[in-house]
Amino acid sequence: QGNWNVANMMWSDSTPSAFPDWVQINFNGTKTINTVVVYSMQDAYASPSEPTDSMTFTKYGNTAFTVQTWDGAAWVTQATVTGNNLVKRTVTFAPVATDRIRVNTTATKDGSSYIAEVEAWTP
């Protein structure tokens, strides 16, 4: 539910100010993961710097979202984030085997969802 945007630098939703927005990543088979890192758009997106764990945004970032995994029949929420102001937001949860994940954005700073990168890590 979205498109590639901002000079082909990241995913953005196609329905501004209408939530939720989601992006799904399918793996090449089942993976056991316990950490997902979601990167929102930086304030200085035209001249970005490498995100750190403490870099914050004030203009465009995702302020609330869930990280979900697929159990074969339904999406299962593994982490819920609210009040976020971090460009690089790491969430951890108990290890789970899945073949896909979804980031489900429920609120943003400016009404549009922007995701620059999503990482999924194994234990």
Side-chain angles (χ1 to χ4, degrees):
Q1 172 193 36
N3 57 307
W4 203 251
N5 199 335
V6 192
N8 295 324
M9 292 189 302
M10 68 193 66
W11 175 89
S12 69
D13 72 293
S14 57
T15 57
S17 299
F19 295 100
D21 299 317
W22 55 270
V23 63
Q24 176 179 321
I25 297 97
N26 294 354
F27 303 141
N28 65 344
T30 300
K31 309 292 181 193
T32 298
I33 62 170
N34 71 337
T35 303
V36 171
V37 185
V38 178
Y39 293 83
S40 292
M41 184 163 66
Q42 297 179 28
D43 289 350
Y45 66 86
S47 57
S49 57
E50 184 68 28
T52 65
D53 291 332
S54 60
M55 178 185 281
T56 59
F57 60 78
T58 61
K59 298 178 182 179
Y60 309 109
N62 301 315
T63 57
F65 60 90
T66 60
V67 172
Q68 301 173 318
T69 56
W70 183 251
D71 71 0
W75 290 105
V76 178
T77 298
Q78 300 297 336
T80 300
V81 174
T82 59
N84 182 55
N85 70 343
L86 296 174
V87 170
K88 176 186 176 187
R89 183 60 185 247
T90 301
V91 298
T92 59
F93 43 88
V96 61
T98 186
D99 68 348
R100 65 195 86 164
I101 61 173
R102 181 166 79 169
V103 176
N104 194 39
T105 303
T106 54
T108 66
K109 198 69 175 173
D110 75 338
S112 290
S113 299
Y114 304 102
I115 296 178
E117 182 177 340
V118 177
E119 299 173 352
W121 294 88
T122 58

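The analysis underlying the following values was restricted to heavy atoms, covering all of them including side chains, and did not include hydrogens, waters or symmetry mates.
Residues I25 and V37 do not share a hydrophobic cluster, clusters being chains of Ile/Leu/Val/Met/Phe/Trp/Tyr side chains in contact below 4.5 Å. Residues V96 and V81 share a hydrophobic cluster, clusters being chains of Ile/Leu/Val/Met/Phe/Trp/Tyr side chains in contact below 4.5 Å. The cluster map of Ile, Leu, Val, Met, Phe, Trp and Tyr, joined by side-chain heavy atoms under 4.5 Å apart, puts W11 and V103 in the same cluster. Y45 and Y39 end up in different hydrophobic clusters when Ile, Leu, Val, Met, Phe, Trp and Tyr side chains are linked at under 4.5 Å. Hydrophobic clustering, with ILVMFWY side chains joined whenever heavy atoms are under 4.5 angstrom apart, keeps V76 apart from V91.
Between atom OG1 of residue T90 and atom CH2 of residue W121 there is a gap of 10.0 Å, rounded to the nearest 0.5 Å. Atoms OG1 and CZ, on T30 and R100 in that order, are 9.0 Å from each other to the nearest 0.5 Å. Atom CG of D99 and atom CZ of F27 lie 8.5 Å apart (nearest 0.5 Å). Annotation: the span from Q24 atom CD to N104 atom CG amounts to 11.0 Å, rounded to 0.5 Å. Remark: D110 CG to N62 CG distance equals 9.0 Å, nearest 0.5 Å. Taking CD of Q78 as the start and CD1 of I33 as the end, the distance is 7.5 Å to the nearest 0.5 Å.
Taking 4.5 Å as the limit, every side-chain heavy atom of W75 sits out of range of all side-chain heavy atoms of T77. P51 is listed as a side-chain neighbour of Q42, based on a closest heavy-atom distance under 4.5 Å. Between T66 and T80, the closest side-chain pair of non-hydrogen atoms falls below 4.5 Å. Looking at I115 and M10, their side chains never come closer than 4.5 Å, going by heavy atoms from C-beta outward. In this structure, F19 and T108 have side chains that are in contact, with non-hydrogen atoms separated by less than 4.5 Å. Between M41 and S12 there is no side-chain heavy-atom pair separated by less than 4.5 Å. Looking at heavy atoms from C-beta onward, L86 lies in side-chain contact with T56 at the 4.5 angstrom threshold. No side-chain heavy atom of T32 sits less than 4.5 Å from a side-chain heavy atom of T122.
For the residue pair E50 and M55, the shortest heavy atom distance occurs at O-CE, 3.8 Å. Shown here for A116 and S40, the closest heavy-atom pair between the two residues is CB-O, 4.3 Å. Of all heavy-atom pairs between I101 and A120, the closest is CD1-CB, 4.2 Å.
Annotation: K31, atom NZ; neighbour count of heavy atoms from other residues, nucleotides and ligands within 6.0 Å is above 12.
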Residues D21, T15; criterion side chain to side chain contact (heavy atoms under 4.5 Å, CB included); working and verdict: CA-CA 8 Å; D21 299 317; T15 57; 3.1 Å; yes
Derivation of the side chain to side chain contact (heavy atoms under 4.5 Å, CB included) call for S113 and W22: CA-CA 9 Å; S113 299; W22 55 270; over 6 Å; no
Side chain to side chain contact (heavy atoms under 4.5 Å, CB included) between W70 and N26, intermediate numbers included: CA-CA 10 Å; W70 183 251; N26 294 354; over 6 Å; no
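With hydrogens and angles ignored, the 3.5 Å screen pairs no side-chain donor or acceptor of S112 with any backbone N or O of P16.
Applying the side-chain contact (heavy atoms from CB on, under 4.5 Å) test to D43 and every residue at least two apart in sequence or in another chain returns F57, T58, K59, Y60.
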